[in-house]
Each structure stands twice: as structure tokens, then as C-alpha cells.
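Residues take their numbers from the sequence shown, with the count starting at 1.
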Amino acid sequence: EGFLKLSDGEVIAAAQAAQAAAAARAAAAAAPAVPPPPSIYGADNVDVVPPADVDRRLPSWNPPTVVARTTEYRGLLEVVVDERGMVESAVLRKPVTPTYDPMLLDAAKHWKFQPATRGGVPVKYRKTFDIVLAPR
């Protein structure tokens, strides 16, 4: 009788474990697999070859006043270059001047690059540009 109780207990425990495993597999199969977000590399990643300029034209700067023509303006532009070499986003981390900033952002969105690579595979890359508008 003791042997029967022992074997019945093992059978019940094995059945419960199988049910729990099946439920876990079903939950995992039902939940959509969420891929990890792509990494954006930058100058700190020494194993990444940065993107190279293909077409990076700055808009022309036509100072609106005499004072503006004699002043130097500086800003910092950050772009994210995608795996195709296209600008995915452009943000002014330090604005240049209110009259130039919108033109610069619009131009930056159309820039083209050879994409950055890591191990020969194209990757996203965050790149910054110092923008200097100097008197002529």
C-alpha cells in the first residue's frame, strides 16, 4: 500500500510539472517576441568605422544685419545616421542663431553618408558637428 501511495504521488507530481511546463511554453509562444532596440554607436565605440560624408551641404548664411555680418556664431548639431547612410534625426544641441537654425536642420535631414560599420556590417551612428558661421 505504501508503494502505491508513493508511486501515485510521483505520477501526480510529474503530471503537474508537465502541465506547468506546457503552460509556460504556451505563454511564451503567445507573447510576441520583442527584438532588442538597435544600438546607436558613436565616437566612443572604437570598433566602429564612422560614417563618411557623401553629400553634406550647409545652407548659405546671409546675415540680416551689419552687426550679424561681423559676429561669429557657433553651434553644435547632432545627427543619427542610419544603416543606409541617411539622416534619421537631426537635433541642435547648441543653437547657432534663430535665423539659421531652421535652415540648418532642414538641410541636415537631406545629408547622405557612407554608413558606419561594425565588423563590416552597417550600423546606426550618432555624430556631432561643430557649426561655425564666421564673418567674411
query: Which pairs with one or both residues in residues 63-86 pass ring pair (Phe, Tyr, Trp, His ring centres under 6.0 Å), sequence neighbours excluded?
result: W61-Y73
field: Value rounded to 0.5 Å, distance of CG in L77 from OG1 in T128
entry: 8.5 Å
message: According to a hydrophobic-cluster definition based on side-chain heavy atoms being under 4.5 Å apart (Ile, Leu, Val, Met, Phe, Trp, Tyr only), do F113 and I131 belong together?
response: yes
- request: Could you tell me which residues satisfy side chain to side chain donor-acceptor pair (under 3.5 Å) with E72, sequence neighbours excluded, listed by chain and number?
  value: R74
- line: Contacts of E78 meeting salt bridge (charged side-chain N to carboxylate O under 4.0 Å, His left out) (sequence neighbours excluded), chain-then-number -> R93, R126
Show the atom names and distances, to 0.1 Å, of all donor-acceptor pairs under 3.5 Å that link a side chain in residues 94-107 to residues at least two apart or in another chain.
residue: Y100; atom: OH; partner: P59; partner atom: O; Å: 2.9
residue: D101; atom: OD1; partner: V96; partner atom: N; Å: 2.8
residue: D101; atom: OD1; partner: T97; partner atom: N; Å: 3.1

query: Should Y125 and T117 be marked as a side-chain contact (heavy atoms from CB on, under 4.5 Å) after you check the CA-CA gap, both sets of side-chain angles, and the distance that decides it?
result: CA-CA 9 Å; Y125 194 92; T117 56; over 6 Å; no
Taking distance alone, no hydrogens or angles, what donor-acceptor pairs closer than 3.5 Å link side-chain atoms of residues 45-54 to residues at least two apart or in another chain?
residue: N45; atom: OD1; partner: G42; partner atom: N; Å: 2.8
residue: D47; atom: OD2; partner: R118; partner atom: NE; Å: 2.7
residue: D47; atom: OD2; partner: R118; partner atom: NH2; Å: 3.2
residue: D53; atom: OD1; partner: R56; partner atom: NE; Å: 3.4
residue: D53; atom: OD2; partner: R56; partner atom: NE; Å: 2.8
residue: D53; atom: OD2; partner: R56; partner atom: NH2; Å: 3.2

field: Point-to-point distance, once rounded to the nearest 0.5 Å, from CZ of R84 to CD of Q114
entry: 13.5 Å
- prompt: Linking I/L/V/M/F/W/Y whenever their side-chain heavy atoms sit closer than 4.5 Å, directly or via other members, would Y41 and V79 fall into one cluster?
  reply: no
- request: Taking salt bridge (charged side-chain N to carboxylate O under 4.0 Å, His left out) as the test, write out the residues that go with D55, two or more places apart.
  value: R57
